[in-house]
Participant: 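What follows is a single structure, and I will ask about it in a moment.
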Amino acid sequence: MAKKWYVVWRGRVPGVYDAWDAARAQVEGYPNAAYKSFTSEAEALAAFAAGDAHTAAQQTRAALPPKVRTGYAVDAALSSADGLMFYRCVRIADGVEIFRHGPFPDATNNIGEFLAIVDALRWLTARADRSPVFTDSNNAILWVAHAHCATRLPRTANNDALFARIAEAERWLMETPYCNAVLKWRTDLWGENPADFGRK
RNA sequence: ACAU
DNA sequence: AAATGT
Ligand SMILES: [Mn+2]
Ligand SMILES: [Mn+2]
């Protein structure tokens with residue numbers, strides 16, 4: 001193997017290291033570590049100076065447990081300005097977006113987290129793909145397990161489509177024996193969910 | 001308290 | 001700082 005340099009943007013002591021052993025000590029077991037290898041020292045120093053954590057994302061994913069890397073991640077968000085809800089799913093291995101739905105007015109975070117999981121299960125089931133689905137929402141895991149969305153959100157003139165989607169999701173869960181595990185995304189260990197919408 |  | 005949930 002040719003010599004490499006290692007940039008650690010987020011780790012115990014951020015910096016540029018000239019050996020994997022040294023870099024690894026900064027990064028292993030560190031929540032949301034961001035790091036990447038380079039083939040020249042100049043490249044590495046430039047990348048560290050630029051604080052380019054985006055290029056680090058791909059490398060950081062490689063540090064996830066192999067079982068996690070084979071899965072899909074979902075997340076939901078309410079845009080702070082207008083309160084519109086969106087949810088989406090990404091393939092963890094490469095961050096490619098599988099679907100994104102929204103905007104939904106008069107919604108909640110938890111409804112979004114719930115629908116995101118169910119839509120992912122439906123997408124995977126339709127393709128006979130048994131990969132696990134990761135969510136950061138304990139609440140949504142429970143709702144999916146019970147095939148019931150226990151939201152307290154009132155119905156309004158603007159959320160008919162949302163409640164229709166919830167009913168359809170519950171119906172699908174009750175009728176369909178899917179074979180995917182729905183697992184907790186360990187934000188504490190692995191950092192932000194790759195399906196996260198950013199801006200938090 | 002825990003998770004969003 | 002506020003809201004959604006078990
Ligand atoms: Mn989330
Ligand atoms: Mn998020």
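Protein chains get the first letters and strands the later ones, always in sequence-line order, with residue 1 at the start of each. Bear in mind the structure is a predicted one, so any value in this text is a computation, not a measurement.
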Participant: Over how many whole Å does the gap from A/Asn159 atom CG to C/dT4 atom P extend?
Facilitator: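 Answer to the nearest Å: 13 Å.
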Participant: Is any side-chain N or O of A/Lys184 closer than 4.0 Å to OP1 or OP2 of B/C2?
Facilitator: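 For A/Lys184, the contact criterion (side-chain N or O under 4.0 Å from OP1 or OP2 of B/C2) is not met.
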Participant: Taking only residues two or more places apart in sequence, or in another chain, which ones meet A/Asn158 in a side chain to side chain donor-acceptor pair (under 3.5 Å)?
Facilitator: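 Residues passing side chain to side chain donor-acceptor pair (under 3.5 Å) with A/Asn158: A/Asp106.
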Participant: Could you identify which residues of residues 113-123 of chain A place a heavy atom less than 4.0 Å from some atom of RNA chain B, listed by residue number, or say none?
Facilitator: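 Hits under 4.0 Å, by residue number: A/Glu113.
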Participant: What parts of residues 96-105 of chain A reach DNA chain C, counting only heavy atoms under 4.0 Å away?
Facilitator: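 None, since no heavy atom is under 4.0 Å.
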Participant: Side-chain donor-acceptor pair under 3.5 Å between A/Asn139 and A/Ser137, yes or no?
Facilitator: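 No donor-acceptor contact under 3.5 Å links the two side chains.
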Participant: Side chains of A/Thr151 and A/Asn110: does their closest heavy-atom pair fall under 4.5 Å?
Facilitator: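 No, every pair of side-chain atoms sits at 4.5 Å or beyond.
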Participant: Using a strict threshold of under 4.0 Å (side-chain N to carboxylate O), is an ion pair present between A/Arg165 and A/Glu168?
Facilitator: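 Salt bridge: no.
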Participant: Tell me every residue that passes side chain to side chain donor-acceptor pair (under 3.5 Å) with A/Thr39, counting only those two or more places apart in sequence or in another chain.
Facilitator: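 Only A/Glu43 meet the side chain to side chain donor-acceptor pair (under 3.5 Å) criterion with A/Thr39.
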Participant: In whole Å, I'd like the distance from the CE atom of A/Met85 to the P atom of C/dA3.
Facilitator: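 Atom-to-atom, A/Met85 to C/dA3, this comes out as 19 Å.
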Participant: Starting at atom CG of A/Asn109, determine the distance to atom C1' of C/dT6, rounded to an integer number of angstrom.
Facilitator: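 Answer to the nearest Å: 13 Å.
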Participant: Does one hydrophobic cluster hold both A/Ile141 and A/Trp185, with members joined at side-chain heavy-atom distances below 4.5 Å?
Facilitator: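 Each belongs to a different hydrophobic cluster.
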Participant: Are any non-hydrogen side-chain atoms of A/Lys184 and A/Thr135 less than 4.5 angstrom apart?
Facilitator: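 They are not in side-chain contact.
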Participant: Starting at CZ of A/Phe197 and ending at P of B/U4, how long is that distance when rounded to a whole Å?
Facilitator: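 It is 16 Å, rounded to the nearest whole Å.
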Participant: Is it the case that A/Asn180 and A/Tyr72 place a side-chain donor and acceptor less than 3.5 Å from each other?
Facilitator: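 Short answer, no.
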Participant: A/Asp21: what forms a side chain to side chain donor-acceptor pair (under 3.5 Å) with it, not counting sequence neighbours?
Facilitator: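 Expected list: none.
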Participant: Among residues 136-154 of chain A, which residues get a heavy atom nearer than 4.0 Å to RNA chain B?
Facilitator: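 Residues of residues 136-154 of chain A that come under 4.0 Å of RNA chain B are, in numerical order, A/Asp136, A/Ser137, A/Asn138.
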Participant: Within 45 degrees of the ring normal and closer than 6.0 Å to the centroid, is that where the cationic atom of A/Lys36 sits relative to A/Phe38?
Facilitator: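 Yes, a cation-pi geometry.
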Participant: Between A/Val182 and A/Ile92, is there a shared hydrophobic cluster once you connect ILVMFWY residues whose side-chain heavy atoms come closer than 4.5 Å?
Facilitator: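 Shared cluster, no.
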